[in-house]
2 protein chains.
Amino acid sequence: MAKRPATIIHVAEKARVSVKTVSRVLNDEPNVTPDLKARVLAAVEKLGYSPSKAARTMAGSRSYLLVAFNDRRLTLDNWRSERGNEWIDQMLYGAMLRCEQSGYHLMFELVDRESDQLEKQITAVLSSLQPDGVILTPPNCENPVVLGALKKRSIPFVRLNTPVRGQGPRVYMDDRAAARQATKHLLGLGHTRIAMIAGDYKFSSSILRVETFEATMEAAGHPVPEARIYKGDFTFEAGVAGARALLDLPDPPTAIMASNDQMALGVVSVAQARGLAVPGDLSILSYDDTIGVRLSAPSLTAVRQPVAKMAEKAADMLITASAAGEKQIAGNTLVPFELMVRASTGPAPK
Amino acid sequence: MAKRPATIIHVAEKARVSVKTVSRVLNDEPNVTPDLKARVLAAVEKLGYSPSKAARTMAGSRSYLLVAFNDRRLTLDNWRSERGNEWIDQMLYGAMLRCEQSGYHLMFELVDRESDQLEKQITAVLSSLQPDGVILTPPNCENPVVLGALKKRSIPFVRLNTPVRGQGPRVYMDDRAAARQATKHLLGLGHTRIAMIAGDYKFSSSILRVETFEATMEAAGHPVPEARIYKGDFTFEAGVAGARALLDLPDPPTAIMASNDQMALGVVSVAQARGLAVPGDLSILSYDDTIGVRLSAPSLTAVRQPVAKMAEKAADMLITASAAGEKQIAGNTLVPFELMVRASTGPAPK
DNA sequence: CTCTTAGATGATACCGCTCCCATTCTCGTC
DNA sequence: GACGAGAATGGGAGCGGTATCATCTAAGAG
């Protein structure tokens with residue numbers, strides 16, 4: 001009863017044409033008469049035929065597969081702590097749907113940025129899966145080992161949301177402008193003692209945000225003392241520790257900006273524990289705008305990263321290039337961010 | 001510079017053995033002397049060789065690929081509304097990590113349960129991807145078209161979290177016991193006027209939960225009038241509509257149980273809008289226990305579904321069977337649920 | 001010491017497709 | 001009317017593995 005799926009040969013026989021002609025029709029190649037084309041399509045329909053990806057990959061120059069390399073530690077940490085992983089969620093949404101449109105597939109891989117096996121891991125995936133393109137997320141998109149492995153094999157790739165230029169095509173948002181706008185939002189509310197909980201400096205966005213924050217504050221006449229920058233690592237716990245350290249300063253901040261949502265939620269929990277009203281006593285601003293900050297009490301003002309759009313665009317670039325047989329991906333794409341003003345930021349206390 | 005990956009032939013040459021011997025080593029087949037095995041492994045290492053999945057799929061009887069069929073509508077709705085999709089997240093976590101351990105891969109497919117092309121969609125995926133196994137989530141795991149297509153092609157599959165037995169192997173939780181425990185939790189708090197917002201009846205868990213709720217109430221001497229069951233469809237909006245309808249009853253409930261998290265959050269929003277204290281005036285209990293209900297204010301008491309564990313187990317069953325060359329999957333697996341008691345349920349008001 | 005037998009290895013035919021290279025056919029051209 | 005260009009089709013060689021089967025070796029039996 002194990003019904004074997006139909007092959008291209010069955011289709012060819014049924015349509016009374018050569019295998020090659022079927023292939024032409026399937027791949028929309030030119031020089032096929034409408035008559036034959038119709039016969040082939042009819043046979044395909046009747047047999048419920050769908051070409052084997054494996055065979056196509058072997059024989060042809062395309063595999064109809066994109067791979068997304070995510071950071072293993074970051075990803076697993078999020079999963080384990082049951083915080084969910086909206087980055088991945090949104091990537092799936094954006095990239096997968098785009099892939100589907102063109103008969104492509106998307107595969108997730110977790111790679112360990114700290115492992116000395118990193119290059120081997122990447123290489124193994126590339127040679128066993130032979131993807132037509134790769135999507136890199138931070139911090140992989142800034143990792144020379146990862147980039148080197150891809151370049152050595154001339155696998156087209158697109159980097160998601162890295163501010164680092166010159167290392168290949170990327171789809172990104174303007175981190176600098178976002179940090180500036182976020183800072184100005186707080187300044188506009190009358191805050192002058194603003195602190196920041198930075199992200200892991202292995203992510204260059206983290207550095208950029210801090211720098212821009214400092215520059216913007218300085219320009220407004222409120223230079224930021226070093227103590228008001230806390231180095232975090234994107235975890236909830238870092239948010240808690242950072243908030244405590246910052247609020248224990250002799251001149252505690254009236255607003256705290258966190259470089260991602262989980263740290264911001266950590267800040268919220270500390271504020272609540274200390275009986276500080278948000279935003280009455282303390283304003284809180286976050287980056288990422290994942291679901292947690294929209295549902296938290298109060299809902300958080302946040303810089304929204306259009307992850308789904310970025311992923312969709314990245315997939316689009318890779319598929320387009322692959323379909324055209326190009327190994328080189330065209331230019332960069334800037335996608336707009338948005339400052340979602342919600343209930344966690346308000347006028348500075350007197 | 002496009003370095004071609006090494007093939008099994010290169011390995012064979014380097015190790016001075018036949019291609020077949022390399023294949024034996026790679027697949028842990030018996031009857032290879034340690035000497036040769038060592039030579040082969042050394043060559044593999046030196047060349048950074050990793051066998052092509054495509055070639056293996058074509059030549060062999062395994063593809064090292066599992067496919068998870070998710071419901072397209074449900075999934076996309078969740079994504080579009082930016083509520084996230086923790087089911088998928090957790091499946092990735094559980095199933096993907098299990099796959100990784102055995103050199104397998106997991107691929108997500110969205111299929112439209114309402115489409116008349118459903119069977120064609122499934123068939124296309126099966127014949128183009130040739131997965132070694134399929135994981136089905138509700139409501140696909142109860143869809144005769146889906147099940148039929150899989151059976152026709154003898155593709156092993158495991159159904160996740162369906163109470164329907166006799167249609168193939170499944171990994172599931174005891175919905176009946178969960179509904180009973182949830183109901184008793186509320187009864188224990190003194191509630192007698194308890195209402196339920198049911199899920200889409202296309203998911204048989206929905207029906208089971210309602211029935212068990214009714215039976216448990218009846219046994220406790222508090223039969224549930226029909227008006228206290230609202231038929232929802234798993235959306236936030238259904239939760240809102242349901243809460244309004246139920247609270248507008250002449251004898252409004254003191255507790256509402258919702259068949260999933262989004263509907264429960266809808267109930268919370270109505271309660272807040274009407275100035276009802278939770279749980280002072282109204283207790284709320286939910287199913288699924290996704291991240292939203294843990295972060296909401298107040299955090300919700302919920303029946304936790306161990307989705308990651310279920311997915312891991314499902315992947316495990318499929319991989320084990322596939323490795324053993326069996327087309328038949330062994331039995332069912334019951335995984336434990338847990339009632340997470342949080343701040344949204346409390347003693348019934350006087 | 002020959003015969004059996006199981007273990008160890010290799011040769012080779014595919015698997016289902018794409019790609020390169022004929023081959024045939026139809027025109028338009030001089 | 002012979003000839004070349006280009007369109008329409010087909011033939012057949014791989015792609016990189018696995019599976020079947022043949023071959024060869026060495027250990028144990030009589």
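In what follows, chains carry the letters A, B, and so on, assigned in the order in which the sequence lines appear, proteins first and then strands, with residues in each chain numbered from 1.
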Q. Can R159(B) be said to sit on top of Y172(B)'s aromatic six-ring, NZ or CZ under 6.0 Å from centre and within 45° of the ring axis?
A. no
Taking only the side-chain nitrogens and oxygens of [X], find out if one of them lies under 4.0 Å from OP1 or OP2 of [N].
X	N	answer
N31(A)	dA8(D)	yes
S61(A)	dC19(C)	yes
R56(A)	dT18(C)	yes
T33(B)	dA8(C)	no
Y49(A)	dC17(C)	yes
S18(A)	dG10(D)	yes
S23(A)	dC17(C)	no
T57(A)	dC17(C)	no
N27(A)	dT18(C)	yes

For the side chain of [X], starting at C-beta, report the closest nucleotide among [options].
X	options	result
R24(A)	dG10(D), dT9(C), dC17(C)	dG10(D)
M58(A)	dC19(C), dT9(D), dC15(D)	dC15(D)
V19(A)	dG16(D), dT18(C), dG10(C)	dT18(C)

Using atom [atom1] of [X] as one end and atom [atom2] of [N] as the other, report the distance to the nearest whole Å.
X	N	atom1	atom2	answer
D35(B)	dA8(C)	CG	P	13 Å
L129(B)	dG16(C)	CG	P	16 Å
I8(B)	dA19(D)	CD1	C1'	12 Å
L36(A)	dC25(C)	CG	P	14 Å
I9(B)	dT12(C)	CD1	C1'	12 Å
L26(B)	dA19(D)	CG	C1'	15 Å
E29(B)	dG17(D)	CD	P	15 Å
K53(A)	dG17(D)	NZ	C1'	20 Å

Q | Short side-chain donor-acceptor distance under 3.5 Å, N78(B) and R73(B) | A | no
Q.
If we check side-chain contact (heavy atoms from CB on, under 4.5 Å) with V134(A), which of these qualifies: V158(A), V125(A), L318(A), L126(A)?
A.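 Result: among V158(A), V125(A), L318(A), L126(A), L126(A) is the only option passing the side-chain contact (heavy atoms from CB on, under 4.5 Å) with V134(A).
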Is it the case that [N] (base atoms only) and [X] (side chain only) share a donor and an acceptor within less than 3.5 Å, ignoring hydrogens and angles?
X	N	result
R62(A)	dT18(C)	no
K20(B)	dA19(D)	yes
R4(B)	dG16(D)	no

Q: Report yes if the side chains of S322(A) and Y104(A) come closer than 4.5 Å at any heavy-atom pair, otherwise no.
A: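 Side chain of S322(A) against side chain of Y104(A), heavy atoms only: contact under 4.5 Å found.
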Q: For Q130(B) and for V17(B), find the nucleotide of DNA chain C with the closest heavy atom, then tell me which residue's nucleotide is more 5'.
A: V17(B)
Q | Where Q130(A) and S63(A) come nearest, the two heavy atoms and their spacing | A | O-OG, 2.6 Å
Q: With side-chain hydrogen bond (donor to acceptor under 3.5 Å, both in side chains) as the test, would you mind laying out the steps for Y93(B) and R98(B) before giving the verdict?
A: CA-CA 9 Å; Y93(B) 183 61; R98(B) 177 61 189 84; over 6 Å; no
